[in-house]
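One structure is given here, and the rest of the page talks about it.
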Amino acid sequence: MALRKIVEVGDPILRKKSRPVEKFDERLHTLLDDMRETMYEQNGVGLAAVQVGVLRRVVVMDCSTDKSGYLELINPEIIETEGEQCEQEGCLSLPGKTGITKRPAEVKVKALDRNGNWCVYKGTELKARCFCHEIDHLDGILFTDRLKPAIETDLG
Ligand code: GNR
Ligand code: NI
């Protein structure tokens, strides 16, 4: 296992769309293991492959405080959302920056695991925000694109 370097804002790779994973081989497993180690070392609650310079639809996450909630998501898709929350968000690729975004309160995601089996996950609060944040990364979207305006009008 190895730590990988986190790509920071200004690098155009963060704006690119990641491609689906097609092969569930040792190379993918090494990427996942390295991402896991890098996420924990950086004290992040999630990490998308593009943040270590790999344009594949791969995410690792752990929104627990004791490393008990570790998840691997390959080719993830949001299949259901409910409600909304406006809370603080940060990103390892935008060091020192935080902001309030509007996200669903509850998110259901389907994703493949490292062996290519479909799984379904559900999250609220931070986990729901993290699902959205990481899947956004796979489409070249950063949380700064979704900042809640200081004043919202009712004109849509
Ligand atoms: O570590 C992170 N914290 C965080 C806080 C609120 C919502 C999303 C996140 S994800 C972020 C790590 C990261 O940059 N993942 O892409
Ligand atoms: Ni991020």
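Counting starts at 1 for both ligands and their atoms, following the listed order.
- Heavy atoms of other residues, nucleotides or ligands lying less than 6.0 angstrom from CD of E125 number 12 at most.
- At a threshold of 4.5 Å between side-chain heavy atoms, the hydrophobic network of Ile, Leu, Val, Met, Phe, Trp and Tyr places L112 and V21 in one connected group.
- Without hydrogens or angle criteria, T98 side chain to G90 main chain gives no donor-acceptor distance under 3.5 Å.
- Taking every heavy atom of both residues into account, P76 and R57 meet most closely at CD-O, 3.9 Å.
- For ligand 1, the protein residues within 4.0 angstrom (heavy atoms only) are G44, V45, G46, Q51, Q88, E89, G90, C91, L92, L126, H133, E134, H137.
- Protein N/O/S atoms found under 2.8 Å from the Ni ion (ligand 2): C91 SG, H133 NE2, H137 NE2.
- In plain terms, the two heavy atoms of C130 and G46 that are nearest each other are SG-CA, 4.1 Å.
- In this structure, T38 and V60 have side chains that are not in contact, with every pair of non-hydrogen atoms separated by 4.5 Å or more.
- Under the ring-ring contact (aromatic ring centres under 6.0 Å, His included) criterion, the residue pairs touching residues 107-135 are H133-H137, with sequence neighbours excluded.
- Screening residues 101-118 for salt bridge (charged side-chain N to carboxylate O under 4.0 Å, His left out) gives D33-R114, E72-R114, E80-K108, E89-R103, K102-E152, R103-D136, E106-K122 as the qualifying pairs, with residues at least two apart or on separate chains.
- Judged by distance alone, the side chain of Q88 and the main-chain N or O of G99 form no donor-acceptor pair under 3.5 Å.
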